[in-house]
Amino acid sequence: YALQGSRWRVKALTYKISKYPKRLKRSDVDTEVAKAFSVWSEFTDLTFTAKASGPVHIEIKFVESEHGDGDAFDGVGGTLAHAFFPVFGGDAHFDDAELWTVNSPRGTNLFQVAAHEFGHSLGLSHSDVRSALMAPFYRGYEPVFKLDTDDVLAIQALYGKKSTQSGNGLNPTSGGASPRTTTRPAFAPPRAPRDDMICKDPKIDALFNSAEGQTYALKGNKYYRLTENSVAEGYPKLISEGWPGLPGDIDAAFTYKNGKTYFFKGTKYWRYNGRQMDGDYPKEISEGFTGIPDHLDAAMVWGGNGKIYFYKGSKFWRFDPLKRPPVKSSYPKPISNWEGLPNSIDAALQYTNGYTYFFKGDKYYRFNDRTFAVDAADPPFPRPSGHWWFGCK
Amino acid sequence: APVSTTTQAEIYLSQFGYLPASARNPANGGLLDASTWIKAVQDFQSFAGLNVTGELDDETMQLMSKPRCGVRDKVGYGTDSRSKR
């Protein structure tokens, strides 16, 4: 998913339909619009109240061709509708040349397009996940509508989860695997105290999520599988047994969108498909990751844009495999851009709850992607990683 | 109307943010340089999950013809200056 950059500061939003479509009953339009808003209020604390008149947050209009905002509609087909991001007012306009329909494979389904446009009104840009509601293309009438995981993560990144939800409250899976959204140790003290090596010295080498959704910490020649707030039974294990051919003392690691896990050490990197080396490795970092330095401190994939961030000393690099060159000339940039983070970190991870975590020595920092700063919380960050992540006394 | 010509594709790519409005350089007769064009096509193909060829192939033009939302895919080219009023 992608966030445009603005969002509403209040969660109780109001809307009105100031111009109805020619070919639908007003009551039908009212119902479909309300349903479309509920797609987003189901997973957040946002509420939407219809008003007949007066100032509102989101104004909805069905109009044709040029209609006053300089972005004319184009008749049947092509552009179906557009909406403004919160910073530009949040209004949603629908091309009334289209044949808007309700619960019918004919014409264009109003509910689905409205739900998409209201995503823009709330601050979401287009997603490159084909199955997402926020993908730019109309996919035709879907009798059984389900919000994609990508959409839920997007809206919750902006407005947080619904506070009345039980468990992770995330059950929509269409296309994307349902992520394990658990509340990370900051809210739940450890259950099984540990007192082996990682508790004596919680400094780690690297941290990553596997393609199956497990989280692993690497330390020396050993690795630990992490549970919700501790280390799984039977760990640590030897890295050489976990990933045959992989040495210890790893600098950095991440699993990319292609499901492959990449390990970095010194000037070299290894690629694994699950637990099997995926080809002829190691290779030189300079070969496979042009523009990225050797002897890295940490690396992670950031869900917000799917790009890879590498950290070394006081600098970071952003790597986009789909671009040429993959690293823009504006990099490296100072880590101080990430407000509150120290230099020379040990590990970095975007966890499945959407927060990004940075580790240095025996401490960790929880980073808030919305404020783009270390989270303000009680107790404050940094916190001891042994207690919160590795179940140490 | 379905996208079937380079000109229509250029309009599409600039409408949805893949080609900056200033892509055509008046200094050289308003020509669009090849690398800018290829990158724009690649960006669209990548975003839409197509094979990234940089070429205006059938698959790409068919997707450009599909009904869609009017909001730009790439908001990067300058801020979206459309204001509410």
Side-chain angles (χ1 to χ4, degrees), chain A residues 2-6 57-59 68-95 98 107-109 112-113 116-117 119-121 124-140 306 320-324, chain B residues 1-5 7-21 33-55 59-85:
Chain A
L3 309 180
Q4 178 265 334
S6 62
H57 295 98
I58 297 171
E59 184 177 354
D69 62 17
D71 208 350
F73 282 136
D74 54 2
V76 180
T79 299
L80 303 174
H82 59 222
F84 294 86
F85 297 117
V87 67
F88 299 117
D91 290 3
H93 299 163
F94 298 79
D95 186 349
E98 309 300 340
T108 304
N109 184 267
Q112 284 168 228
V113 174
H116 174 101
E117 298 306 328
H120 291 312
S121 303
L124 305 185
S125 288
H126 282 147
S127 168
D128 62 6
V129 171
R130 290 290 284 266
S131 56
L133 171 64
M134 291 314 292
F137 308 103
Y138 177 62
R139 288 196 296 270
D320 183 349
L322 303 177
K323 292 283 165 54
R324 291 292 169 275
Chain B
V3 171
S4 53
T5 67
T7 306
Q8 287 169 321
E10 183 184 335
I11 292 167
Y12 183 98
L13 292 171
S14 56
Q15 178 181 355
F16 295 111
Y18 295 93
L19 265 180
D33 73 77
S35 63
T36 303
W37 169 256
I38 291 169
K39 181 173 184 311
V41 176
Q42 284 176 333
D43 279 354
F44 172 71
Q45 289 168 331
S46 161
F47 188 86
L50 303 177
N51 290 326
V52 181
T53 62
E55 311 231 323
E59 185 188 33
T60 302
M61 288 218 265
Q62 268 164 31
L63 196 57
M64 286 179 170
S65 307
K66 280 190 82 167
R68 60 160 291 157
C69 169
V71 173
R72 279 187 293 187
D73 298 335
K74 295 190 59 152
V75 188
Y77 285 116
T79 53
D80 190 335
S81 56
R82 287 172 293 159
S83 61
K84 178 169 179 176
R85 294 283 176 263

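We name chains A, B, ... by the order of the sequence lines, and we start the count at 1 in each one.
- With respect to chain B, the highest number of heavy-atom pairs below 4.5 Å among Gly140(A), Ser127(A), Gly5(A) belongs to Ser127(A).
- To the nearest 0.5 Å, atoms CZ (Arg72(B)) and NE2 (His82(A)) are separated by 12.0 Å.
- Contacts of Thr108(A) with chain B are absent, with no heavy-atom separation under 4.5 Å from either backbone or side chain.
- For Gln15(B), the part lying near chain A is the side chain, with the backbone staying farther off; criterion is any non-hydrogen pair under 4.5 Å.
- The minimum heavy-atom distance linking Thr79(A) with Cys69(B) is given by the pair CG2-C, 4.4 Å.
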Exercise for the section: List the steps and the verdict of side chain to side chain contact (heavy atoms under 4.5 Å, CB included) for Val71(B) and Glu117(A). Expected result: CA-CA 9 Å; Val71(B) 173; Glu117(A) 298 306 328; 4.3 Å; yes
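- Counting heavy-atom pairs closer than 4.5 Å to chain B, the top-ranked of the candidates His126(A), Arg324(A), His120(A), His116(A) is His126(A).
- Looking at Leu80(A), both its backbone and its side chain come within 4.5 Å of chain B, counting heavy atoms on both sides.
- Separation of atoms NZ (Lys323(A)) and NZ (Lys39(B)) is listed at 5.5 Å; rounding is to 0.5 Å.
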Practice task
Start with the C-alpha distance between Leu322(A) and Phe47(B), add both sets of side-chain angles, then the distance that settles side chain to side chain contact (heavy atoms under 4.5 Å, CB included), and finish with yes or no.
Solution key: CA-CA 10 Å; Leu322(A) 303 177; Phe47(B) 188 86; over 6 Å; no
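- Residues Glu98(A) and Pro67(B) form no side-chain contact, since every pair of their non-hydrogen atoms from C-beta on lies 4.5 Å or further apart.
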